[in-house]
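Keep in mind that the numbers below use all heavy atoms, side chains included, and drop hydrogens, waters and symmetry copies. As the structure is a prediction and not an experimental result, all values here were calculated from the model.
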Amino acid sequence: MGAGQGSAGRSAFSAGAASWLARGPWLRGDRLRWLLTPSFGDLAFAVRSSLAAALSLLIAMWMELDSPQWAPLTVWVVAQSSRGESLSKARWRVAGTVAGCCAAIALVAAFPQASGLFFVSLALWIGLCCGFATFFDGYRSYGLLVTSFTSTIVATGAIIQPDEVFDVAMSRGTYIILGIVCEATLAMLFMPGLQEKARARLLGRLEAVCAAVSVGVTRLVEGRADPEADQRLLAELMAANGRIEFDVLEMAPQTPRIADHARAAIADLLMMLARARGVAASGRVPGSDPERDYQAARAHVRACIVPVRGDRFRFRVRSQRHAVESVQNGLRACAGIIGAWLVWEVTAWPAGVTFVSMVSLVYGLLATREVPIMASGAFFRGAVWCAVVAGIFAFLVIPAVTAPECLVLALLVPMTIGGLAARNAATTGYAFSFNMFLPVLIGPSNMGRFDEVSFLNGASAFLAAVLFTRLTFGTVLPFRADAHLRRTRAWTEKRLRAIADLRSRVTAYRWLSDNADSMVRTVRTSHAVPRATLVTAMERHLEAMTLGMLVITVRQEVQAGRVPGGFETRVRVFLRVWERSGDTGARPVARALLWGLERRGVGDTALVGALAGIAGSGPG
């Protein structure tokens, strides 16, 4: 065979192999398409984050820090596909780290020779942080979780030599700042034109939800009710609302009022959707026409497109509080840390300090997940893969390399694969633990390398910590979807009655946004609930949202003194009946009141429209 024929044969073989890989068993069900044919955005994220992690590790080793592996861990913790998310997460991670270091120094100083009191106090502190983290949304919650596990990492790192606690705190803080700086630097290099892209993304999302709500309102007014479609629409609205903060962070500081206008647009769309449900129930407009809400939303979108100089518009938002989940998270974390300490105390395990630190870290990463036991399953599987790959590096790669640069080049391969997995919905839970803990288990150091025994002790402590945390999530106050559904239903009914109180200042937007967020969250966490039960609950929740908006309209008419003469006492009676009996007992009163107003000739008013919606929304 000649050289040309050989070359042609090899080319044909290569083409055939590529074709087989593209359509063969490796991609059956598209399970590996995220790895073999990633999108440009996914590949850019994976390469950017991997390079940032590698850079932070090299700098930490160049600075001869004692535990350089914590720097790349920080990179993977704050790395997000959106620059705004990364900025927000990094900011709260720095704040949480400073608070955690201070708390650790205080705990070690208070109990230097009393391990029992020290660990009980540490467990109470971590439980307090995890509990209060549930009271906040976004990365404010994350800041409290960082405070909790930073306290443990610093305190347990200095428990053997309490006099060095300040040095340990400073070194941990240095790693975290280094990781954040490296991630931010690479993000700026990989993401040019950030402000323009963020602006286009925000405006595109607002336009999309405006169009979706318009279609949904048309469907409702035409009498084609679909609770599941309404739930999906609400989920889209709440997701768009949650992304506003991050997009505006990327656009700042040139547009300080865009966030307020964007949230106001979402609020008007929520009102529009609720009014359309009222029209569908009664055939009358409850208050202002839904078209006015749509025009108001469009006006706010225009204010985002063309910002007005000197704009002083403000739109206040309020985080929803979850008291039961907060108490459960706090008690669970407290019990977990005490349990981990007891395991160490009873077994005298040489890697016990690492075990306790890892338990705290895993709690901080998973405690505020909506269903922690489900998140911990994928987290553990990713941890197993992490231990396997780290073992290959510890036993085969590290003994063969002679410089940190060679180690970093070798690490780029698994880190890039982990970055791609983080962008794929089916593997993101695995990548969560794999990316962060791979450098930690390898334990790179200027002073030497992990021997086999040290690696096995560290890896077993890590896997045992993840299993232990998963066990406590499943046994100590475990999350139950049916109980959460009942609790949400009771919370909705209680608040539905309370908004009729004339002393209440709950606005229609606050009522709608709180309930929309609660309903979307309930749907996400109710996988184990029978579909018929869930659909019935969601239908009632949607009805309660509409009824609540109508009752608030009635209440505000009384508070503003706009009730027609001779009817104010009867309207107040209706509101008191609503407080005592809810919608079932108050509907007959609403029908009688509506009949009286219509007989009096009071026509197209907000009060009449709201009463008509209440009277027509239930059984006759």
Side-chain angles (χ1 to χ4, degrees), residues 217 220-221 223 225 227 230 270-290 292-293 489 491-512 514-516 519 536 538-564 566-620:
V217 166
L220 284 169
V221 172
D230 290 343
L270 273 172
M271 293 290 292
M272 180 183 178
L273 190 60
R275 290 191 205 282
R277 289 185 61 85
V279 172
S282 65
R284 304 192 188 196
V285 177
S288 64
D289 191 336
R292 295 184 186 177
D293 294 318
R489 175 72 176 269
W491 173 84
T492 303
E493 298 296 337
K494 181 180 179 181
R495 291 197 69 202
L496 182 59
R497 292 194 297 271
I499 57 175
D501 189 342
L502 287 171
R503 296 169 295 181
S504 174
R505 292 295 181 268
V506 176
T507 63
Y509 169 68
R510 178 175 158 188
W511 166 259
L512 292 172
D514 284 356
N515 277 273
M519 188 177 74
T536 301
M538 292 304 100
E539 286 178 345
R540 173 56 185 170
H541 207 136
L542 285 166
E543 182 186 25
M545 286 177 64
T546 303
L547 288 172
M549 183 202 67
L550 299 174
V551 172
I552 289 171
T553 300
V554 175
R555 189 200 72 212
Q556 289 175 337
E557 291 295 297
V558 176
Q559 291 170 332
R562 292 193 291 264
V563 178
F567 284 90
E568 183 171 349
T569 300
R570 296 171 66 182
V571 174
R572 288 175 179 269
V573 168
F574 161 75
L575 291 174
R576 285 197 295 270
V577 172
W578 187 280
E579 276 191 85
R580 291 196 303 267
S581 307
D583 56 308
T584 303
R587 274 199 185 95
V589 182
R591 293 187 182 107
L593 185 55
L594 178 63
W595 180 81
L597 286 167
E598 289 178 332
R599 187 178 179 186
R600 177 79 170 271
V602 178
D604 188 15
T605 65
L607 176 63
V608 171
L611 289 172
I614 294 169
S617 60

Residue pairs involving residues 553-564 (criterion salt bridge (charged side-chain N to carboxylate O under 4.0 Å, His left out); sequence neighbours excluded): Glu557-Arg562
What's the verdict on salt bridge (Lys or Arg N to Asp or Glu O under 4.0 Å) for Glu493 and Arg489, showing C-alpha distance, side-chain angles and the deciding distance? CA-CA 6 Å; Glu493 298 296 337; Arg489 175 72 176 269; 3.4 Å; yes
Name each donor-acceptor pair under 3.5 Å that joins a side chain in residues 570-580 to protein atoms two or more places apart or in another chain, with its distance.
unit_1, atom_1, unit_2, atom_2, d
Arg572, NE, Glu568, OE2, 3.2
Arg572, NH2, Glu568, OE2, 3.0
Trp578, NE1, Leu496, O, 2.9

How long is the span from the OG1 atom in Thr546 to the NE2 atom in His541, to the nearest 0.5 Å? 10.5 Å
Between Pro564 and Leu597, which heavy-atom pair has the shortest distance, and what is it? CG-CD2, 4.1 Å
May I ask you to test the Leu273-Leu220 pair for a side-chain heavy-atom distance under 4.5 Å? yes
Nearest-0.5 Å distance that lies between atom OG1 in Thr492 and atom CE in Met545: 9.5 Å
Is a donor on one side and an acceptor on the other found under 3.5 Å between the side chain of Arg587 and the backbone of Ile614? yes
Mind checking the CG-CG spacing from Leu542 to Leu547? Nearest 0.5 Å is all I need. 11.0 Å
Find out whether Trp491 and Asn515 are in side-chain contact, i.e. whether some heavy atom of one side chain is under 4.5 Å from a heavy atom of the other. yes
Yes or no on side-chain contact (heavy atoms from CB on, under 4.5 Å) for Val554 and Leu607, after CA distance, side-chain angles and deciding distance? CA-CA 6 Å; Val554 175; Leu607 176 63; 3.9 Å; yes
How far does CH2 of Trp511 sit from CD1 of Ile552, to the nearest 0.5 angstrom? 7.0 Å
Minimum-distance pair of heavy atoms, taken over all atoms of Arg495 and Asp514: NH1-OD2, 3.4 Å
Supply the atom-to-atom distance Leu611 CG to Arg591 CZ, rounded to the nearest 0.5 angstrom. 11.5 Å
Between CZ of Arg510 and CD1 of Ile499, what distance do you get to the nearest 0.5 Å? 11.0 Å
Side-chain (Ser504) to main-chain (Ala500) donor-acceptor, under 3.5 angstrom: no
